[in-house]
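First up is the structure itself, then whatever we jot down about it.
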Amino acid sequence: MRIDPRHDAWMRLALDQARFALEADDVPVGAVVVDPSGRVVAGGFNERELGGDPTAHAEIVAMRRAAADLGGWNLTGHTLVVTLEPCAMCAGAILAARIGTVVFGAWDEKAGAAGSVYDLLRDRRLPQRADVVAGVLEGESEALLRAFFAERRD
């Protein structure tokens with residue numbers, strides 16, 4: 001997968017979204033959806049605590065907002081940029097939405113489904129697949145998560 005020079009800028013916007021999750025006392029994960037022209041059409045952050053919704057992961061929130069903005073569920077040609085490797089639930093939603101590319105920051109060695117634990121986004125047995133670009137601003141994404149969980153342990 002060719003790296004787009006805009007990935008860093010988009011990831012910085014996703015990191016900004018992740019900081020909103022901190023304000024909601026949720027795990028700091030943020031995401032943005034980018035259209036084929038490179039315009040950010042939606043953003044989202046973990047809102048599980050905010051809304052009491054176990055499905056309100058940053059990726060799902062951002063994709064719901066993008067679909068609402070576009071007036072339809074099909075996000076073919078769009079890119080999802082997220083600070084943490086998507087889980088299996090989010091990977092399934094990404095494929096259902098027909099997202100073409102997923103860019104993420106930190107790996108999720110416990111529940112990741114984009115190459116660490118599972119690789120659902122590129123599984124050839126499934127009818128849809130997405131290109132994956134991993135490790136974009138990985139250190140910044142990891143630092144937010146480490147600080148959040150360190151504070152919880154103290």
Side-chain angles (χ1 to χ4, degrees), residues 1-51 53-109 111-116 120-122 129-151:
M1 173 75 216
R2 187 178 76 77
I3 304 282
D4 188 310
R6 300 172 292 182
H7 287 168
D8 282 5
W10 294 335
M11 186 62 73
R12 290 193 193 292
L13 295 173
L15 285 162
D16 289 342
Q17 290 290 318
R19 290 181 188 94
F20 290 130
L22 285 173
E23 294 174 22
D25 201 32
D26 211 328
V27 178
V29 178
V32 295
V33 176
V34 182
D35 75 10
S37 75
R39 179 178 72 95
V40 174
V41 296
F45 56 90
N46 274 359
E47 295 184 12
R48 295 172 313 158
E49 298 297 332
L50 200 59
D53 179 355
T55 69
H57 288 198
E59 301 94 311
I60 304 289
V61 173
M63 287 187 295
R64 284 178 181 155
R65 289 180 180 153
D69 181 65
L70 298 168
W73 63 268
N74 192 323
L75 301 177
T76 298
H78 287 69
T79 297
L80 176 74
V81 181
V82 60
T83 59
L84 180 65
E85 178 184 6
C87 69
M89 175 186 70
C90 292
I94 289 163
L95 296 175
R98 309 297 195 265
I99 294 276
T101 303
V102 175
V103 177
F104 70 85
W107 291 93
D108 184 348
E109 299 296 335
S116 61
L120 293 177
L121 295 178
R122 294 176 287 197
R129 283 175 286 293
D131 292 325
V132 175
V133 178
V136 175
L137 301 183
E138 183 175 5
E140 288 91 332
S141 297
E142 286 178 345
L144 263 179
L145 292 162
R146 268 196 308 272
F148 175 80
F149 288 112
E151 183 179 300

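Below, all heavy atoms of this structure are taken into account, side chains as well, without hydrogens, waters or symmetry copies.
Between atom CG of residue L13 and atom OG1 of residue T83 there is a gap of 12.0 Å, rounded to the nearest 0.5 Å. Note that CE of M11 and CG of D16 are 12.0 Å apart. Values are rounded to the nearest 0.5 Å. The structure places OG1 of T101 at 9.0 Å from CG of D4, a figure rounded to the nearest 0.5 Å. Here the CG-CG distance, from D26 to L50, works out to 8.0 Å after rounding to the nearest 0.5 Å. Atoms CG and CZ, on D25 and R48 in that order, are 11.0 Å from each other to the nearest 0.5 Å. Distance check: D131 CG to I99 CD1 gives 12.0 Å after rounding to the nearest 0.5 Å.
A donor-acceptor pair is defined here as one N or O able to donate and one able to accept, closer than 3.5 Å; no such pair exists between the side chain of E49 and the backbone of A24. In this structure, the side chain of E85 engages the main chain of S116 through a donor-acceptor pair within 3.5 Å. At distances below 3.5 Å, at least one donor-acceptor pair connects side-chain atoms of R122 with backbone N or O atoms of A114. A donor-acceptor distance shorter than 3.5 angstrom exists from the side chain of N46 to the backbone of A58, with no hydrogens or angles considered.
Exactly one of D8, V103, V81 qualifies for a side chain to side chain contact (heavy atoms under 4.5 Å, CB included) with L137. That residue is D8.
The shortest heavy-atom contact between A134 and F104 is CB-CZ, 3.4 Å. Across all their heavy atoms, G38 and W10 have their closest contact at O-NE1, 3.6 Å. When all heavy atoms of E142 and A106 are compared, the closest pair comes out as CG-CB, 3.6 Å. Of all heavy-atom pairs spanning C90 and M63, the tightest one is O-CE, 4.4 Å. Smallest separation of non-hydrogen atoms from C87 and E59: N-OE2, 4.4 Å. The two residues P36 and H78 make their nearest non-hydrogen contact at CD-CE1, 3.8 Å.
Contact annotation: the side chain of T55 approaches that of M89 to within less than 4.5 Å [non-hydrogen atoms, C-beta and beyond]. Counting heavy atoms from C-beta on, the side chains of R98 and W73 come closer than 4.5 Å. For the pair E138/W107, a side-chain contact is recorded, criterion being any heavy-atom separation below 4.5 Å from C-beta on.
The environment of E109 atom CD is dense: over 12 non-hydrogen atoms of other residues, nucleotides or ligands sit within 6.0 angstrom.
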side-chain contact (heavy atoms from CB on, under 4.5 Å) between V61 and F45, worked out: CA-CA 7 Å; V61 173; F45 56 90; over 6 Å; no

